[in-house]
Amino acid sequence: MGSACLKVTKYFLFLFNLLFFILGAVILGFGVWILADKSSFISVLQASSSSLNVGAYIFIGVGAVTMVMGFLGCIGAVNEVRCLLGLYFAFLLLILIAQVAAGALFYFNMGQLRQEMGDIVIKLIQEYKDDEENSLQDAWDYVQAQAQCCGWVSFRNWTENAVLMNHTNITFPCSCEDREGQGDGRLLVSKGFCHVPRNDTQSDNNVELWPVYQEGCMKKVQEWLKENLGVILGVCAGVAVVELLGMVLSICLCRHVHTEDYSKVPKY
């Protein structure tokens, strides 16, 4: 009966670590995505807060170590190596602590992140220049076109851009253009400023005549941020549960291996 329980525990731990390896790859992928994504609002967030980059590096480190430990856990479980099982338990504990630290970093910095996010977007709008290659400008153009919004609080935030308001004809941010009812619904991201042909009665850039989305991006961006960080933290919570169960199984198997080793000592 004891031998049967040992085998069941061993193979459960093996399957457990296989799942653990996959989840580690998912966490590592989240971290790489946060650092590598330059075409969405993630790049704006990286510029607004260093805590996001720190959290991303924590995710990459935790994911990589999780994959290695999942592999070692599989070997330790199948071969019943007591040393590897003990090492596996210790590293699981360290990984769990690192994940809790990363989750707390995100959670307790959410308010500060929102404030910094608003400040950097307003500054980006104020300093936006036409026909300039800038990754942050490109990211913000993508956000406005994708979310169908304009400015931060409202489209009137663009009136703080001196270059834009100095035009004497109707000029507006191209990525803000209201395209509802136009085309086949595919996302079109235009950069820079667009112009409306000037008429004889037009003498300034009247913001009321801009053919743009009226709603600001603040609410939509915050919902997007909450949704995506919620997914990341949800995956981490799932991995934490898997880690706790893995720690329990590894200790149980380690104790059984210890008992089995002494029972196999030859008697004379």
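Not measured: the values here are computed from a predicted model.
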Hits for side chain to side chain contact (heavy atoms under 4.5 Å, CB included) against Glu223, two or more places apart or cross-chain, chain-then-number order -> Lys219
Asp130 and Val163: CA distance, side-chain angles, deciding distance, side chain to side chain contact (heavy atoms under 4.5 Å, CB included) verdict
CA-CA 8 Å; Asp130 197 8; Val163 175; 5.7 Å; no
The complete set of disulfide bond (SG atoms under 2.5 Å apart) pairs with one or both residues in residues 86-120, sequence neighbours excluded, reads none
Evaluate the side-chain proximity of Trp158 to Trp210: yes if any heavy-atom separation is below 4.5 Å, no if none is.
-> yes
Disulfide bond (SG atoms under 2.5 Å apart) pairs touching residues 130-163, sequence neighbours excluded, are Cys149-Cys217, Cys150-Cys176
Note: Trp140 and Gly151 closest approach over all heavy atoms is CZ2-O, 3.5 Å
So CZ of Phe155 and CD of Glu208: to nearest 0.5 Å the spacing works out to 5.5 Å
Heavy atoms of Gln144 and Ser175 approach each other most closely as NE2-OG, 2.8 Å
Hits for side chain to side chain donor-acceptor pair (under 3.5 Å) against Asn161, two or more places apart or cross-chain, chain-then-number order -> none
When every non-hydrogen atom of Lys220 is compared with those of Glu215, the smallest separation belongs to CE-OE1, 3.6 Å
Margin query: So does Trp152 get a backbone contact from the side chain of Asn157, meaning a donor-acceptor N/O pair under 3.5 Å?
Written below: yes
Original post:
When the ring planes of Phe193 and Tyr128 are compared, do they come out parallel, tilted or perpendicular, using 30° and 60° as the limits?
Top reply: tilted
dist Phe172:CZ -> His195:NE2 (nearest 0.5 Å) comes out at 9.0 Å
Here the gap from Asn205 atom CG to Thr168 atom OG1, rounded to the nearest 0.5 Å, amounts to 8.5 Å
Across all chains, not counting sequence neighbours, the ring-ring contact (aromatic ring centres under 6.0 Å, His included) partners of Tyr213 are none
Review point. Backbone N or O of Val212 within a donor-acceptor pair of the Gln214 side chain at under 3.5 Å?
Key: yes
**Item:** Co-membership, hydrophobic cluster, residues Ile22 and Ile60, 4.5 Å side-chain
**Value:** no
* Asked: Heavy atoms, side chains only, cut-off 4.5 Å: are Asn169 and Val196 in contact?
  -> no
Next on the checklist: Would a single hydrophobic cluster contain both Leu93 and Val241, if residues Ile, Leu, Val, Met, Phe, Trp and Tyr are joined by side-chain heavy-atom contacts under 4.5 Å?
Outcome noted: yes
The reported gap from CD1 in Ile122 to CD in Glu127 (rounded to nearest 0.5 angstrom) is 12.0 Å
Distance col, row Thr171:OG1 vs Met165:CE, nearest 0.5 angstrom, shows 9.0 Å
Residue set satisfying side chain to side chain donor-acceptor pair (under 3.5 Å) with Gln126, at least two apart, ordered chain then number -> Glu160
